[in-house]
Each structure stands twice: as C-alpha cells, then as structure tokens.
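Data block below; observations after.
Owing to the predicted nature of the structure, the values given are computational and were not obtained by experimental measurement.
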Amino acid sequence: ERRLLHAIVSPNALAHYDDVVRATVERAIQRIPDRATVSLAQVVTEIAAEIVLAVMFGMRGDAERLRLRRRMSETLPSLVSLWPILFPVLQRDLGPWSPGGRARRTHAELTAWLGQEVATRRASGSPGKDMLGRLLDSYDALDIPVNLAHLTGQIVLLLASARPLGTALLWGLHNTTPNPAICAPV
C-alpha cells in the first residue's frame, strides 16, 4: 500500500500538480466580482475542494467539475462522519436515514463510480496524469490487480483532505497578513 501511495504523494509526483493548482486558483479568483465583499473562508474552502478534485481526477470541463464537486459534497459527510465512530450502534444499516446505512450506500455508489472511471481510463489506453491515473499506473507497475474497495478507501482519504487543506490555508493567511515583511513581496 505504501508503494502505491508513494506514486501520488512523493515530492516528485506533487511537483507535477503545480500548473493544475495555479490554474484552479486563477479560475477561482476570476469568478470573484471586482470590489465585491466575499467570505475568505468560503473562497479558500472552495478553492481547496477544487484543487483536490482537479489533482485527483484531472482538469475537467465546467459541467464535469461541478458534477464532481456536487458528488463530493454529498458523499464525504456520510463517509467521514465521527458519529458512527463514537457510537458504534450507528454503524449498522437501520434504514435510509441511519448514518450506517447512508455510509454503506454512499460507499457502494462511490465504488461503482470509481469502477466505471477505471474502466473508461483502461479502455482509452491512457490512465491520465492526475492522481487516479498515477495510482492506476502504480498498480500496473507493481503488477497488482486493482482492488476497487481498496482504491475507494484511498480516494476517500484523499478527498477528505479538502477541508483540512482549506483550514490550513486560512490559518496561514491569518498568520501572515498582519506581518508587513511577509506581505511586502506579494
């Protein structure tokens, strides 16, 4: 597992995403109207989510990117909720409104979607240069068959990083903006 993840999070691999991150941030800044008052927290959180999606699944058209963002915002809360961890009884599938049932269905939907994405990339002959493509390349290089359940777990872990990334960016902005020596070169 460590060898698989090394292909997507090593310093050399992360350097390939600089252009994707830059383009994502520039696109987000262009969407902000001139002289508008905006919530920095909301803007940075949206940028972080877009960066994670762009790096994970590649640069897509606006419609596809919006569909992926919607899917992420609907999917992640039920997959990374702390309530089932704190109260194990909530892990059981007790129907459509129970946290455990919702998480199981969401996980199954995400796994099915990833299966289709993997099949599409395999059929095209090029898995792509994004994190999912590099992960598929590392499966091939190590001669390991793709385990969709395992792949889904890795994807959820990486997608869940969007919120902490946004928080870290906000924290960094908060702590650097009062310091003129840091802001002067910018």
Side-chain angles (χ1 to χ4, degrees), residues 1-10 13-14 16-17 19-21 23-24 27-28 31 45-85 90-166:
E1 183 176 324
R2 189 177 303 147
R3 290 181 294 172
L4 290 172
L5 288 177
H6 186 269
I8 60 173
V9 295
S10 69
L14 293 175
H16 292 287
Y17 305 122
D19 293 336
V20 173
V21 171
T24 303
R27 196 172 46 251
R31 285 193 306 256
T45 302
E46 289 176 8
I47 288 173
E50 292 236 358
I51 287 171
V52 169
L53 286 175
V55 168
M56 191 74 231
F57 300 111
M59 294 300 288
R60 311 263 179 135
D62 287 338
E64 181 70 9
R65 189 172 53 255
L66 287 174
R67 191 178 69 75
L68 282 172
R69 285 217 30 218
R70 192 174 311 113
R71 178 173 214 92
M72 184 173 118
S73 66
E74 294 167 356
T75 301
L76 283 179
S78 67
L79 291 176
V80 296
S81 172
L82 289 178
W83 290 112
I85 294 169
L90 296 176
Q91 293 175 8
R92 292 186 290 172
D93 188 348
L94 301 173
W97 297 102
S98 70
R102 197 169 41 247
R104 279 189 179 74
R105 283 186 301 284
T106 302
H107 190 273
E109 290 171 11
L110 183 59
T111 302
W113 180 81
L114 275 173
Q116 291 173 347
E117 186 72 16
V118 168
T120 300
R121 289 177 183 224
R122 295 277 194 222
S124 74
S126 173
K129 295 298 178 193
D130 52 28
M131 281 190 174
L132 181 58
R134 290 177 187 276
L135 195 55
L136 293 175
D137 279 343
S138 65
Y139 271 104
D140 293 342
L142 296 170
D143 200 27
I144 300 172
V146 175
N147 178 337
L148 279 180
H150 187 256
L151 183 62
T152 302
Q154 291 172 327
I155 298 296
V156 167
L157 178 69
L158 293 167
L159 288 177
S161 68
R163 181 152 298 174
L165 174 61

Listed by chain and number, what are the salt bridge (Lys or Arg N to Asp or Glu O under 4.0 Å) partners of Asp143, not counting sequence neighbours?
->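 Once residues adjacent in sequence are excluded, Asp143 has no partner under the salt bridge (Lys or Arg N to Asp or Glu O under 4.0 Å) criterion.
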So does Lys129 pair up with Asp19, basic N to acidic O under 4.0 Å?
->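 Between Asp19 and Lys129 there is no salt bridge, as every charged N stays at least 4.0 Å from the carboxylate O atoms.
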With sequence neighbours excluded, tell me which residues meet side chain to side chain contact (heavy atoms under 4.5 Å, CB included) with Ser138.
->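 In terms of side chain to side chain contact (heavy atoms under 4.5 Å, CB included), with neighbours along the sequence ignored, Ser138 is linked to Leu4, Ala7, Leu135.
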Test side chain to side chain contact (heavy atoms under 4.5 Å, CB included) applied to Ala28 - qualifying residues, sequence neighbours left out =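 Only Arg31, Ile47 meet the side chain to side chain contact (heavy atoms under 4.5 Å, CB included) criterion with Ala28.
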Identify the two heavy atoms, one from [X] and one from [Y], that lie closest to each other, and give their separation to 0.1 Å.
| X | Y | value |
| --- | --- | --- |
| Phe57 | Leu114 | CE2-CD2, 4.3 Å |
| Asp130 | Val55 | CB-O, 3.3 Å |
| Gly115 | Leu148 | CA-CD1, 3.6 Å |
| Ala54 | Thr24 | CB-OG1, 3.8 Å |

Just how far is it from atom [atom1] of [X] to atom [atom2] of [Y], taken to the nearest 0.5 Å?
| X | Y | atom1 | atom2 | answer |
| --- | --- | --- | --- | --- |
| Leu136 | Ser126 | CG | OG | 10.5 Å |
| Tyr139 | His150 | OH | NE2 | 5.0 Å |
| Arg121 | Leu132 | CZ | CG | 4.0 Å |

